[in-house]
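One structure is given below, encoded as structure tokens.
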Amino acid sequence: MQIEFRELDGKSNAYYGLLGGWVALVLIGLFSAFQMEHYGHIITGMNNQVVWGMPHVFAVFMIVAASGALNVASIATVFGKKFYKPLAPLSALLAIALLAGGLTVLMLDLGRSDRVIVAMTHYNFKSVFAWNVFLYTGFFGFAALYIWTMMDRNVNRFNKPAGFGAFIWRLMLTTGTGSIFGFLVARQAYDSALLAPMFIVMSFSYGLAVYLLVLMLAYRWSKRLIGDVVITRLKNLLGVFVAAVMYFVLVYHLTNLYFTKQHDFERFILLDGGIYTLLFWGGQIVLGSVLPLILLYAPATRKSVSATFAACLLVVLGGLAQMYVTIIGGQAFPLQLFPGMVETSSFYDGVIHPYTPSLVEILLGLGGVGVVGAIVVFAVKLFRFLPESLDNSVIDAHHNVH
Amino acid sequence: MSDIDNYRRRFMTGVVGVAATVSLPAGLLFWQTAEGKSNDDTGLASAKTRWGMLIDTTKCATGCDACVRGCDKENGLSGNTSPTSPQWIRKVQVSNPSTGNGFSLPMMCQHCEEPPCVDVCPTGASFKRVDGIVLVDRHICIGCRYCMMACPYKARSFIHHPETDQLAEVPRGQGCVESCTFCVQRIDEGKTTTACQDACNAEGHQAIYFGDLKDPNSEISKQLAQYSSQEVLPNLDLHTGVRYQGI
């Protein structure tokens, strides 16, 4: 039995309401960006100590999740698992949408967004950021090509090389994203090669969680059938990724705890950093990792679709918390000009830098989420991204998984 | 081919057509911005010179901020010290918690030979002139603040709001990053002192030497040859243009 893909009808009020909602979010985000452009970053919570704020939390999360969302497709094409094949087109679509959302936020947060074109015409090839400009563009290209080879029978024979290219590229992309921080020798929170692989594992986890959320909602709202075979397979994989992220977080902090010079920083994140400590333990570890693992694997909840849905949602929230702790916590802790000495100055040397996100920057971040939603909702109506049914009977007949 | 496919094909053709129509004039409009100003335009700088600074912390008085005020005046900074205010130079009070010993020093862009800000800048807006001065090309700075993340000395500031009353020779603008320029506007006029140095001398402290590190007869070179001095964060091996005595 062949699995049929079909676009959504997308004629109901609910569909237009949903699309309208995402578009409204995009407009709110654009309005916020305009405010920031007009009044300057003074209306954000960012300052000369915490230079990257809430927009970066959203943007980096989405960019990391983008490459992770492509994994489902990679498993089908690169690793030849037929089971994942019907799930692949949505995976590639989501990858494009998430990257577009993240980049929108990143570009609109620039001090001179009007000059974004300069980033395309002037390159400093030693800059990880400049590499990323190529990595982002290439990722769009590969993902689009990949979708084309999935959807057009004439070019289907190129599906494997396109998928392979996209897979390699996504690993490079996330290495690039992690290295934005990893290559910063100046700050104690970063300056580590571990960040590149850690970001890759984080992308597996965030990307799959977002993918599952979108898949479940799409099938629920379009009244199409999705069986527990598909969901169980994906949620078990998600559990592995969540655990893997925890492993990397553990190694990162253990390494720091071993080095005396890093003790102050670790104390800040793990013990007395206020919001950062709370977000680390409460957000990233408990809500974002431990609780999802329980929901995904505990006998009482492991068969519940709602529990899986909740687990995915928690992984996303935990991921945002992790980004907040990594990006903002890493800057809130002061630079040390003279290690071991006490420093004071009018420029806030030696003190923890306070940061409170303002509404405009949160709305800009949400605008990026709107971009993701709008692209996905529009695209599933325009093209055949979603199989008509992912019910157990269809999956079983197609793959003999049982 | 079904109607839907036909429709879809027409739709996609339409989308591409509209995109092309919109992007062509937009592209032409952006051309000027995109071209910007080339950062290899280093004007009067010469590679035979490397400008550097030596600060004798034993002469730098705790509580004195004459250098900061001198810099603010020279470069048109407000002198505000809110978390969003630019501060090109600041006085840092350093003390050893186990011995109680301490010193005071001015901290600013260290004009590294291997500047991390230049490494990370995506557009090349952060650049080092051939005479060793690290600057931001305001024509191509996009305001990403990656240089501020990368600078180990926290020497850079971002302009958070529209700037008015700028000085003609020190143009500044919202949305760009800036930092100490070694008073490049003076140097390019042939002067050989910085505003902070003049202010320090006027207070009678004489804690700041400025000059050409490549000229063995310059006062700074003689001082460096005679007395021991050190970079801040020497472990980073950035070969800073600013060195300190007594730290």
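All heavy atoms count here, side chains included; hydrogens, waters and symmetry mates do not. So you know, we letter chains A, B, ... as the sequences are listed, proteins then strands, and number each from 1.
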Chain A contact via B/Val118 - side chain, backbone, both or neither, heavy atoms under 4.5 Å: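 Contact with chain A involves the backbone of B/Val118 alone.
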Could you look at [X] and say if it's the side chain, the backbone, both or neither that has a heavy atom under 4.5 Å from chain B?
| X | value |
| --- | --- |
| A/Tyr39 | backbone |
| A/Glu343 | both |
| A/Leu337 | both |

Can you tell me how far the [atom1] atom of [X] sits from the [atom2] atom of [Y], to the nearest 0.5 Å?
| X | Y | atom1 | atom2 | result |
| --- | --- | --- | --- | --- |
| A/Asp349 | B/Met107 | CG | CE | 8.0 Å |
| A/Ile180 | B/Tyr146 | CD1 | OH | 5.5 Å |
| B/Ile142 | A/Arg115 | CD1 | CZ | 9.5 Å |
| A/Ile42 | B/Ser85 | CD1 | OG | 7.0 Å |

Looking at chain B, which one of A/Phe183, A/Phe181, A/Tyr123, A/Tyr348 has the largest number of heavy-atom pairs inside 4.5 Å, strictly under?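 The option with the most such pairs is A/Tyr348.
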Any [X] side-chain heavy atom under 4.5 Å of [Y] side chain:
| X | Y | value |
| --- | --- | --- |
| B/Cys176 | A/Arg112 | yes |
| A/Asn48 | B/His160 | yes |
| A/Tyr190 | B/Met149 | yes |

Can the ring centres of A/Phe338 and B/Phe103 be said to be less than 6.0 Å apart?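 Ring-ring flag for A/Phe338/B/Phe103: true, centres closer than 6.0 Å.
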Could you have a look at B/Ile247, B/Val92, B/Val68 and say which one has the most heavy-atom pairs with chain A under 4.5 angstrom?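 Going by pairs under 4.5 Å, I would pick B/Val92.
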